[in-house]
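Here's the structure we're looking at; comments come further down.
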Amino acid sequence: MKQPLLPVCTLIMGLFSTLAHSQNSDVLAQVEREKNNAHWSGLPVFGDKARELGYDLPIPVGFGIYMNTQEVEYIAEDDFNIVANGGTMGKLCGASSPRSQARPGDRPPIEKPEPVSGSCAMSIPADNVGITGKDESIQLRLDAWVFPFMNVYGLAGYTRGTKDIEADLSTLNIGDKQLSIDATLPLHLEYEAYNLGIGTVLAGQFEVIDGMRPIIVTAVGAMTNSWTTTTDSTIRTSIGALRVGQRFDVPYGKLTVLGGYTYQMIQQNVSGSISLKDTPLDGLADTIDFDVDLKSKESSNMAVSAVYDFGDNKEWTLFAEYGFMNWNQFTFSLGRRF
């Protein structure tokens with residue numbers, strides 16, 4: 001017995017209609033979710049296009065507190081200039097001045113009493129100066145993803161640091177004369193500084209092998225300028241970094257592990273005055289005025305870092321980084337995106 005085709009066709013058409021309606025509903029729901037995900041700032045530019053391509057974008061605007069500590073070795077960029085006031089060194093300028101020879105018919109020179117104290121400007125070759133420093137800082141950072149691949153940020157912070165300078169006095173340049181003192185001049189400087197800075201981050205990810213987690217690549221560039229309050233000094237820091245890593249699903253969030261290269265150049269002019277009274281060099285000078293331009297001895301380092309994003313919308317971030325090879329550096333931060 002032949003079965004009528006109409007009920008079967010009706011059933012098939014109903015199924016297609018149901019599937020089409022379901023797909024349209026899914027598309028409309030996705031569009032509605034994308035609209036709801038639009039950030040109040042309108043950032044990032046082209047963010048909707050990136051989401052359509054399947055990229056998971058962070059919340060565009062963020063604020064973080066960063067704590068950093070580092071120990072760096074420095075070199076003097078030029079001679080270490082000092083002015084010795086009083087004491088033995090304060091008399092060296094007069095002691096090193098050649099006596100004029102009297103000629104027939106000249107008046108005899110007027111004998112002046114040797115001053116009890118005086119001042120003498122001199123310099124120490126840069127190679128005879130060793131400098132180490134340690135800094136601890138706290139930074140407030142405000143950032144925004146302007147494009148899906150580009151973040152810009154500003155920094156404001158406070159730094160507490162020390163500089164230990166060892167100047168070998170075996171070679172003293174006083175004008176065109178050279179003198180030698182068998183001693184080392186140690187300077188321990190403590191300072192506080194306030195800084196401002198700007199920076200940018202470029203980020204992207206690439207699928208190297210099908211089925212493998214994408215490789216994340218980030219490039220960072222930043223500049224800061226610091227003004228010290230306890231020495232007459234300014235600090236200029238330039239930073240560049242290249243990181244490569246991957247992102248993993250972990251309990252309650254996502255973990256990104258990165259490693260790579262860091263460039264850092266610190267330049268600082270240090271000037272001021274210290275007293276040698278009641279020190280092992282008491283009597284060598286009463287006070288020493290000093291001025292030197294210094295910079296980082298090494299500018300290349302390696303680092304490993306981890307970023308943990310957590311929260312209902314991955315709005316909280318923990319960041320930790322350790323730098324090693326040419327100087328030790330540790331950075332930790334807590335951030336909130338909104």
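Keep in mind that this is a model prediction, so the values were computed, not measured. Side chains included, hydrogens not; waters and symmetry mates left out as well; all remaining heavy atoms used.
In summary, the aromatic rings of Y252 and F310 are positioned with their centroids too far apart to meet the 6.0 Å limit.
Between R243 and E321, at least one side-chain N (NZ, or NE/NH1/NH2) sits under 4.0 Å from a carboxylate O, which counts as a salt bridge. Contact check on E136 versus R160 returns a salt bridge, with a Lys/Arg side-chain nitrogen under 4.0 Å from an Asp/Glu carboxylate oxygen. The pair K314-D56 fails the salt-bridge criterion, with no side-chain N (NZ, NE, NH1 or NH2) lying under 4.0 Å from an Asp/Glu carboxylate O. Using a 4.0 Å cut-off between charged nitrogen and carboxylate oxygen, D143 and R337 count as a salt-bridge pair.
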Inset, instruction - Start with the C-alpha gap between R247 and I215, add the side-chain angles, then the distance that decides, and say whether side chain to side chain contact (heavy atoms under 4.5 Å, CB included) holds. - result: CA-CA 8 Å; R247 198 177 195 200; I215 301 297; over 6 Å; no
Inset, instruction - Give the intermediate values and the outcome of side chain to side chain donor-acceptor pair (under 3.5 Å) for residues N85 and S119. - result: CA-CA 4 Å; N85 302 303; S119 296; 2.7 Å; yes
Legend entry - Pair M265-Q267, side chain to side chain contact (heavy atoms under 4.5 Å, CB included): steps then yes or no: CA-CA 7 Å; M265 177 54 65; Q267 295 175 295; 4.2 Å; yes
Inset, instruction - List the steps and the verdict of side chain to side chain donor-acceptor pair (under 3.5 Å) for Y158 and E192. - result: CA-CA 7 Å; Y158 164 82; E192 297 177 339; 3.0 Å; yes
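Contact check for N173 versus T171: side-chain heavy atoms found under the 4.5 Å cut-off. For the pair Q268/K163, a side-chain contact is recorded, criterion being any heavy-atom separation below 4.5 Å from C-beta on. Inter-residue side-chain proximity for I274 and T287 is flagged as unmet; no heavy-atom pair is nearer than 4.5 Å. The closest side-chain heavy-atom distance from E166 to V129 is not below 4.5 Å. The shortest distance between side-chain heavy atoms of Y74 and T132 does not fall below 4.5 Å. Looking at heavy atoms from C-beta onward, Q264 lies in side-chain contact with T237 at the 4.5 angstrom threshold. I216 has its side chain out of reach of V244: every pair of non-hydrogen atoms, C-beta onward, lies at least 4.5 Å apart. Side-chain atoms of Y153 and T200, non-hydrogen and from C-beta on, never get closer than 4.5 Å to each other.
Geometric assessment of R336 against the ring of F63 yields a negative cation-pi assignment under the 6.0 Å and 45° thresholds.
Crowding of K254 atom NZ: a count of heavy atoms from other residues, nucleotides or ligands under 6.0 Å exceeding 12. In the displayed structure, M223 atom CE is contacted under 6.0 Å by at most 12 heavy atoms of other residues, nucleotides or ligands. Within 6.0 Å of CG on L334 lie more than 12 heavy atoms contributed by other residues, nucleotides or ligands.
Looking at H188, its side chain never comes within 3.5 Å of a backbone N or O of I165 through a donor-acceptor pair. Not a single donor-acceptor pair under 3.5 Å links the side chain of E73 to the backbone N or O of W327. In this structure, the side chain of N328 does not engage the main chain of F324 through any donor-acceptor pair within 3.5 Å. In this structure, the side chain of N313 does not engage the main chain of E315 through any donor-acceptor pair within 3.5 Å.
By the criterion of side-chain heavy atoms lying less than 4.5 angstrom apart, applied directly or through intervening Ile, Leu, Val, Met, Phe, Trp or Tyr residues, F46 is grouped together with L43 in one hydrophobic cluster.
Exactly one residue among L169, I174, D79 makes a side-chain contact (heavy atoms from CB on, under 4.5 Å) with M122. That residue is I174.
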